[in-house]
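Here the structure is a predicted model, which is why all the values come from computation and not from measurement.
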Amino acid sequence: MLRIVTGVTAALLSAGVGAAPSTGAQPQIVPIRQIVADISPQRIEAHVRKLVGFQTRHTMSDTVSDTQGIGAARRWIKAELERCGAQAGGRLQVAFDSHVAPVSKRISRPTEIVNVVATLPGSQPQSAGRIYVVSGHYDSRATDVMDARGDAPGANDDASGTAAVIEMACVMARHRFDATLVFMAVAAEEQGLLGSGHWAQQAKLNNLNIAGMLNNDIIGSSRGDDGTVDGGQVRLFAEGIPAVKEMSDGVRALVATGGENDSISRQLARHVKQVGERYVPGFKVNVIQRADRYLRGGDHMPFLAQGYAALRFTEPNEDFTHQHQDVRVENGVQYGDLPQFVDYDYVAKVARVNAAALASLALAPAAPSQVQVRTAQLENATTLQWQPNTEPDLAGYRIVWRATTADQWQGAQDVGNVTEARLKLSKDNYFFGVQAIDKDGNVSVATYPTPLR
């Protein structure tokens with residue numbers, strides 16, 4: 001059994017997260033359009049086909065062979081990230097994150113679960129501890145979720161997401177960002193979200209500031225099960241109110257003020273949609289207002305459970321003959337998750353949306369904290385206040401608002417480098433948010449205000 005013992009905290013600390021940058025590591029204006037343009041469908045296709053070539057990447061498959069099974073797959077992913085990281089200047093820190101999963105419903109024997117984690121440390125000391133995570137899962141399955149030997153190519157589910165993450169890491173490693181980016185190929189998604197679950201749990205235990213998580217799972221096909229081709233949009237799933245027995249104070253404040261559509265994940269989704277559609281013109285980010293597909297889940301779910309903002313990208317129309325199926329021809333229909341059914345130009349578009357959003361988030365200031373609405377007196381205006389940000393390149397703040405029936409922000413007003421602002425709009429009729437802006441024009445996610453009584 002391959003034994004790699006690296007914890008999430010150790011890996012991030014060794015990568016310099018939270019530490020002062022080395023000499024010469026000063027933040028730069030990063031050309032987001034160039035990052036988007038550098039995403040290559042050809043390289044994504046090569047990565048998908050390489051992953052499919054391991055025949056199966058089932059969680060309990062071979063870990064010794066260099067050509068077959070999950071062990072060979074994870075070693076190749078790590079080597080590929082190390083190779084492109086070295087070419088980009090050596091700042092991309094790549095490590096295995098490992099734990100042993102006990103016997104459970106989908107694990108028949110104690111099994112080592114190994115995530116491949118590539119960390120690009122932030123260059124600004126005040127922002128380096130703020131972390132954005134992007135993931136795809138590299139394990140695969142056949143019809144029988146316990147079949148560790150049969151052919152399970154997993155081209156779309158989820159070599160597509162893994163290939164996109166590798167491509168983003170290799171392109172973005174050439175640039176510097178204020179905040180830290182973590183690119184993850186996670187394991188054991190099909191066995192119960194075990195790889196992402198362990199990483200998210202350790203992140204919470206170690207008080208890591210995960211400011212946003214993007215999960216890419218089944219992003220490979222523009223063709224639905226009815227043959228309809230739709231390469232112009234992607235679904236972005238965003239949780240509102242979490243389905244828990246006991247509400248936190250924050251969730252209770254959302255409900256009390258009608259802010260069910262203003263959870264931290266919905267705020268992150270608004271930002272991703274706005275930035276993604278700006279930098280990938282003609283491509284729609286379709287925000288779906290639920291945590292995932294109906295009663296289904298993915299690797300963002302453990303992050304949601306730990307209280308982090310987390311989203312899932314998935315193609316617009318799934319074809320279930322190419323998902324969780326043994327490879328076979330039946331009644332003239334080809335079953336199986338094969339690479340010929342992946343649209344690599346489409347995957348590249350989704351990867352570009354991810355990359356643009358991640359770059360924007362990691363360059364921008366943190367979302368303002370302790371944003372509140374003054375309620376001491378009745379008036380047909382709204383006064384907001386918040387705590388000042390600490391970034392040295394902060395330029396000021398922006399108030400955004402929308403009607404209570406609107407999903408996206410409709411208005412905005414820059415208010416300068418202040419910690420209080422009054423608008424002649426009624427808090428009864430609009431939802432508000434506060435964003436931070438730096439001197440290069442990078443804008444944070446909006447923070448929803450709570451009442452100041």
Side-chain angles (χ1 to χ4, degrees), residues 132-133 135 192-193 196-197 200-201 203-204 207-217 234-274 276 285-314 357 361 366-373 375 382 384 386 399-410 426-435 444-453:
Y132 297 96
V133 178
S135 80
L193 314 177
S196 59
Q201 181 182 53
K204 190 67 173 184
N207 295 313
L208 294 185
N209 178 17
I210 309 298
M213 186 273 184
L214 306 181
N215 174 31
N216 290 268
D217 194 354
V234 65
R235 291 184 290 175
L236 182 63
F237 290 88
E239 181 185 67
I241 300 300
V244 294
K245 290 183 179 179
E246 298 292 335
M247 283 187 183
S248 67
D249 290 342
V251 171
R252 187 174 290 106
L254 285 178
V255 174
T257 58
E260 294 88 349
N261 199 19
D262 285 272
S263 66
I264 56 174
S265 291
R266 295 274 169 88
Q267 302 291 13
L268 179 62
R270 289 187 180 99
H271 189 92
V272 171
K273 175 180 174 65
Q274 182 183 46
V285 179
N286 186 19
V287 177
I288 307 295
Q289 295 186 3
R290 52 170 40 119
D292 205 315
R293 299 147 306 161
Y294 197 78
L295 298 181
R296 299 167 72 190
D299 287 309
H300 59 305
M301 303 292 277
F303 287 82
L304 291 171
Q306 298 298 337
Y308 297 125
L311 309 172
R312 176 188 177 131
F313 284 98
T314 296
L361 290 163
S369 63
Q370 298 183 45
V371 180
Q372 296 179 299
V373 178
T375 59
T382 302
L384 300 164
W386 54 90
I399 309 297
V400 290
W401 63 85
R402 68 183 196 279
T404 59
T405 54
D407 180 51
Q408 303 300 316
W409 299 119
Q410 296 173 307
S426 173
K427 54 186 169 291
D428 298 331
N429 303 335
Y430 295 91
F431 291 124
F432 294 91
V434 181
Q435 299 172 318
S444 77
V445 171
T447 301
Y448 182 76
T450 58
L452 175 63
R453 299 187 182 276

K.L.:
If we ignore hydrogens and angles and just use 3.5 Å, is the side chain of S265 paired with the main-chain N or O of L304 as donor and acceptor?
P.N.:
no
K.L.:
Are V272 and L236 close enough that some pair of their side-chain heavy atoms sits under 4.5 Å apart?
P.N.:
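A side-chain contact under 4.5 Å exists here.
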K.L.:
If you measure from CD1 on I288 to OG1 on T314, what distance do you get to the nearest 0.5 Å?
P.N.:
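Rounded to the nearest 0.5 Å, the CD1-OG1 separation comes out at 10.0 Å.
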K.L.:
If I take atom CZ from residue F313 and atom CG from residue N215, how far apart are they, to the nearest 0.5 angstrom?
P.N.:
9.5 Å
K.L.:
Between L361 and H271, is a side-chain contact (heavy atoms from CB on, under 4.5 Å) present by the stated rule, with each step listed?
P.N.:
CA-CA 9 Å; L361 290 163; H271 189 92; 3.5 Å; yes
K.L.:
Taking the side chain from R235 and the backbone from N286, do they hold a donor-acceptor pair closer than 3.5 Å?
P.N.:
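The answer is no, because no donor-acceptor pair under 3.5 Å joins these two groups.
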K.L.:
Would L384 and F432 count as a side-chain contact (heavy atoms from CB on, under 4.5 Å) if you check the C-alpha gap in whole Å, the side-chain angles of each, and the deciding distance to 0.1 Å?
P.N.:
CA-CA 9 Å; L384 300 164; F432 294 91; 4.2 Å; yes
K.L.:
Quick one: are I210 and V133 in side-chain contact, heavy atoms under 4.5 Å?
P.N.:
yes
K.L.:
Taking the side chain from R312 and the backbone from G297, do they hold a donor-acceptor pair closer than 3.5 Å?
P.N.:
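Yes; judged by distance alone, with no hydrogens or angles, the pair exists.
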K.L.:
Under 4.5 Å between any side-chain heavy atoms of Y430 and T404, yes or no?
P.N.:
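In short, these two side chains do not touch, never coming nearer than 4.5 Å.
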K.L.:
Contact between I241 and L254 at the side-chain level, heavy atoms closer than 4.5 Å - yes or no?
P.N.:
yes
K.L.:
Which of these passes side chain to side chain contact (heavy atoms under 4.5 Å, CB included) with T382: D428, N429, V373?
P.N.:
V373
K.L.:
Using the side-chain contact (heavy atoms from CB on, under 4.5 Å) rule, take R402 and V400 through it: C-alpha gap first, then chi angles, then the decisive distance, then the call.
P.N.:
CA-CA 7 Å; R402 68 183 196 279; V400 290; over 6 Å; no
K.L.:
What are the two closest non-hydrogen atoms of L193 and M301, and how far apart are they?
P.N.:
CD1-CB, 4.1 Å
K.L.:
Taking all heavy atoms of D299 and all of S135, pick out the closest pair and write down the distance.
P.N.:
CB-OG, 4.3 Å
K.L.:
Any non-hydrogen side-chain atom of L311 less than 4.5 Å from a side-chain atom of L268?
P.N.:
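Yes. Closest side-chain heavy atoms under 4.5 Å.
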K.L.:
Kindly indicate, with the supporting measurements, whether the criterion side-chain contact (heavy atoms from CB on, under 4.5 Å) is fulfilled by D262 and R270.
P.N.:
CA-CA 10 Å; D262 285 272; R270 289 187 180 99; 3.6 Å; yes
K.L.:
With a 3.5 Å distance limit and no angle check, can you tell me whether T450 reaches the backbone of Q372 through a side-chain donor-acceptor pair?
P.N.:
no
K.L.:
Excluding sequence neighbours, so at least two apart, what forms side-chain contact (heavy atoms from CB on, under 4.5 Å) with A200?
P.N.:
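If we apply the side-chain contact (heavy atoms from CB on, under 4.5 Å) test to A200, skipping adjacent residues, the hits are P302, F303, Q306.
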K.L.:
I'd like to check the side-chain contact (heavy atoms from CB on, under 4.5 Å) partners of T447; sequence neighbours left out, ordered by chain and number.
P.N.:
A367, P368, V371
K.L.:
Would you give the length of the straight line joining atom CD of Q435 to atom CD of Q267, rounded to the nearest 0.5 angstrom?
P.N.:
8.5 Å
K.L.:
When you compare the side chains of N261 and R266, does any donor N or O come within less than 3.5 Å of an acceptor on the partner?
P.N.:
yes
K.L.:
Run the salt bridge (charged side-chain N to carboxylate O under 4.0 Å, His left out) check on R296 and D217 step by step: do they pass?
P.N.:
CA-CA 12 Å; R296 299 167 72 190; D217 194 354; over 6 Å; no
K.L.:
Just checking, is any N or O donor in the side chain of T257 or Y448 under 3.5 Å from an acceptor N or O on the other one?
P.N.:
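Yes - a donor-acceptor pair under 3.5 Å links their side chains.
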K.L.:
Treating H300 as the side-chain partner and F237 as the backbone partner, does any N or O pair qualify as donor plus acceptor under 3.5 Å?
P.N.:
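No: the side chain of H300 does not pair with the backbone of F237.
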